[in-house]
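Since the structure comes first, as structure tokens, the remarks are kept for the end.
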Protein chains: 2
Amino acid sequence: MATIQDVVKLSGVSVATVSRVIHNSPNVLPATREKVLAAIRELDYHPNRLAQQFRTQRTKCVLVLLPRLGDSFYSEILKGIEEVASAAGYHIFIANTGNNPEMAKFYYEALIQKQNDGIIDFSACLPREYMEEIAGQNPVVVACRYLSNSNVPNVTIDNLAASREMTEYMLNLGHRRIAYIGGNTELALYRSRLYGYRQALEERGIPAEETIIYTADPDIQGGYDAAMQLLRSGEKFTAIVTSGDTLAVGAIKALQERKLQVPEEIAVCGFDDIEISSLLSPTLTTIRQPRGLIGRHAMEKLLGLISGKDENLSEQIVLPYELVIRASSGKFRNNK
Amino acid sequence: MATIQDVVKLSGVSVATVSRVIHNSPNVLPATREKVLAAIRELDYHPNRLAQQFRTQRTKCVLVLLPRLGDSFYSEILKGIEEVASAAGYHIFIANTGNNPEMAKFYYEALIQKQNDGIIDFSACLPREYMEEIAGQNPVVVACRYLSNSNVPNVTIDNLAASREMTEYMLNLGHRRIAYIGGNTELALYRSRLYGYRQALEERGIPAEETIIYTADPDIQGGYDAAMQLLRSGEKFTAIVTSGDTLAVGAIKALQERKLQVPEEIAVCGFDDIEISSLLSPTLTTIRQPRGLIGRHAMEKLLGLISGKDENLSEQIVLPYELVIRASSGKFRNNK
DNA sequence: GAAGAGGATGTAACTGTTTACATACTCCCG
DNA sequence: CGGGAGTATGTAAACAGTTACATCCTCTTC
């Protein structure tokens, strides 16, 4: 592997000049520049990025932490991030935490140890204290998920309000016994969505019933399993509100296997509006998050933190959501 | 930011000993180790990973290049990669090329410039000569896609055979005019799948007809658009073979919008067996790729290349596939 | 009690860049 | 023609670790 020293020898100029040529700095005579470039070409020299980054302590790379891979929910968000990042000359790397704190810790170590310039975290599976400590010293933005009352910059929608609005919509359709299948409430995100559901019920004077509230792994299988348990429990209900489209998809699958019509017998709604939600039959009523916007805002905030121009660690950016009404909710037919 | 020198001063031992403690090497007296650890704790010292990697010229990180983000096809593959990687103490970073050679080039530069130890490339959007040159000097494995006749290690299924088998299956159902919607044939991958389709037809003495062969962007929208064009063209056909599940999903959407029954009037099949294929109605007949296996083999090959134990650059690892028959193909009803 | 082995620790070179500062040169103007 | 400004280039010191090799102990063994 050729180094800058080889270029120095071949071109007959100093390291400083070679470095200047590499970085297109002015104040290099065209003839000198040409000589250096010729040497670089001849040696097939590539500056060692590790050495550069080490020297400057800047990588121009940011890390995006996802809770799971291949979730199409994130694709639009990542596009938004990439857009802003590449305009600023940054590149993004994505890593998977699998919601495993150990894994997440490794990647945060990478940040602390300067292997990248910042983190946008969609996984947020580490304790609040730890996150606050790191975010106090390093550029970190948490998005979609969040840590309640923390000094970590955050980009989300108002999950509580969205979930409440969805539940209200179900109530307005005439449903009274509405089951709930949601993600683990240890996560503030899922806690908010559950609160939204509870609030909507309470506002109508309908007490939330723990026997029809289920916690599940936030994927298709989780939704399927929870719905099956719900059906086996013998509880009566005419609708299911979920905290995620994948849960809704799984729940619908379970209902259909049991020959229950959606939405005629049971209405179901999701949350997130992932790509397949408009393709399934029935198509899914859900909450659409402004995914591109989330990505762009998160990256912009991160760039502010990296440059040091933005020091506001307690900023909570809340973006608008949209209730998307499709076939899976339908009207309540009081004919059961 | 504390450095190793600060630890040296506080603990009163030498850099070498501190380094030994950091790396858990033996031959450090327990008392010394404790002293050093105490200093590390007190200073909240984190070794600068950039400096470590720079010094050792090893990052213990590999890069996975995907053609697009949020494609659930890759999630199982990535799990397979991660499994093997973490067992070997490696971490993976994922980057998106968007099939853009410029982007891909940036990440290959990252490899050449030692920012990571190897690349597994699912995007393969760079010219063969370039890839061969880089793969000759650096650990690179191309997977799922490939470059024909090249000296770049490769992990795939036999796409040609799989596509041929799928088409034969359609022929066996009684279909005779089978349309084809496939990805851009500039990619060897899609070229193979198209050849498989052609071969199957020719073996039965049925000439492939260019008027019912379409090229499309390999996503839902692409499938939808191509199918719509096909319908508008007025050509008659009773089945559509596609080169990807997303294309099939889009095509089915178009057919259903035009009130054509799938599979009763038109049979459709996909390729890849992505997660949603078994959830749609009708469920999708498709080719299942052994995704976990692909990931594991690719990572194992890469580890071999990184360690230098494996120098076989022309190895083409071909894994088995499986024809998954579901509802979307159905039996041909000659009642049109 | 000397020799040798082996464990614990230290010293200093080295990794490949960037960059502050120094130097040399050219040009222009009073 | 001296000196100041400005441009082009060079020198050498960082950056923060790792590691080969040297050194110094402490045992063990004959």
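Quantities reported herein were computed from a predicted structural model and do not represent experimental measurements. Below, all heavy atoms of this structure are taken into account, side chains as well, without hydrogens, waters or symmetry copies. So that the names make sense, note that chain A is the first sequence line, chain B the second, and so on, each numbered from 1.
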Could you tell me how far apart [X] ([atom1]) and [N] ([atom2]) are, to the nearest whole angstrom?
X       : N       : atom1 : atom2 : result
K60(B)  : dG17(D) : NZ    : C1'   : 18 Å
I22(A)  : dT19(C) : CD1   : P     : 12 Å
L29(A)  : dG6(D)  : CG    : C1'   : 14 Å
D6(B)   : dC15(D) : CG    : C1'   : 14 Å
R33(A)  : dT7(D)  : CZ    : P     : 15 Å
Q113(A) : dT18(D) : CD    : P     : 10 Å
H23(A)  : dA20(C) : NE2   : P     : 13 Å
E34(B)  : dA8(C)  : CD    : C1'   : 17 Å

Can you tell which of [options] lies closest to the side chain of [X]?
X      : options                   : value
V13(A) : dG16(C), dG10(D), dG7(C)  : dG10(D)
F54(A) : dA8(D), dT9(C), dC15(D)   : dC15(D)
V28(A) : dT11(D), dT9(D), dA16(D)  : dT9(D)
V15(B) : dG10(D), dT11(C), dG16(C) : dT11(C)
N27(A) : dA8(D), dT18(D), dA8(C)   : dA8(D)
T3(A)  : dT9(D), dG16(C), dT18(D)  : dG16(C)
R20(A) : dG10(D), dG17(D), dT19(C) : dG10(D)

How would you label the contact of T17(B) with the nucleic acid (heavy atoms, under 4.0 Å): base, sugar-phosphate, or nothing?
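Sugar-phosphate, no base atom in range.
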
Base, sugar-phosphate or nothing for Q57(A)? Non-hydrogen atoms, less than 4.0 Å.
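The residue Q57(A) makes sugar-phosphate contact but no base contact.
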
Closer than 4.0 Å, any side-chain N/O of S19(B) to the OP1 or OP2 of dT18(D)?
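Answer yes for this pair, as a side-chain N or O of S19(B) is under 4.0 Å from OP1 or OP2.
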
Does Q52(B) place a side-chain N or O at less than 4.0 Å from the phosphate oxygens OP1/OP2 of dT18(D)?
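Yes, such a contact exists.
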
Can the positive tip of R291(B) be found less than 6.0 Å from the middle of the six-membered ring of F122(B), inside 45° of the ring normal?
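No.
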
Residues from residues 35-51 of chain A sitting under 4.0 Å of DNA chain D, heavy atoms only?
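Output list: empty, so none.
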
If you find the nucleotide of DNA chain C closest to P30(B) and the one closest to I4(A), which residue's nucleotide is nearer the 5' end?
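Its nearest nucleotide being more 5', the pick is P30(B).
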
Do L78(A) and I81(A) come close enough that some side-chain heavy atom pair is under 4.5 Å?
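In short, these two side chains touch, coming nearer than 4.5 Å.
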
Counting C-beta onward and ignoring hydrogens, is there a side-chain heavy-atom pair between T3(B) and N48(B) closer than 4.5 Å?
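T3(B) vs N48(B): side chains apart.
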
Does the plane of the ring in F93(A) sit parallel, tilted or perpendicular to the ring in F93(B)? Use 30° and 60° as the thresholds.
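Ring orientation of F93(A) relative to F93(B): perpendicular.
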
K79(B)/E82(B) ion pair, N-O < 4.0 Å
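Result for this pair is no, no salt bridge flagged.
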
State whether R128(A) and E132(A) are salt-bridged, where the test is any N-O pair (Lys NZ or Arg NE/NH1/NH2 against Asp/Glu carboxylate O) under 4.0 Å.
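Here R128(A) pairs with E132(A) in a salt bridge, since their nearest N and O are under 4.0 Å apart.
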
Taking donor-acceptor contacts at under 3.5 Å, does the side chain of R55(B) reach the base of dA16(D)?
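No, the side chain and the base share no sub-3.5 Å donor-acceptor pair.
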
Check the side chains of D121(A) and Y107(A) for a donor-acceptor pair under 3.5 angstrom, ignoring hydrogens and angles.
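No.
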
Just checking, any donor-acceptor pair under 3.5 angstrom between side chains of T59(B) and N116(B)?
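Not at all, the side chains of T59(B) and N116(B) share no donor-acceptor pair under 3.5 Å.
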
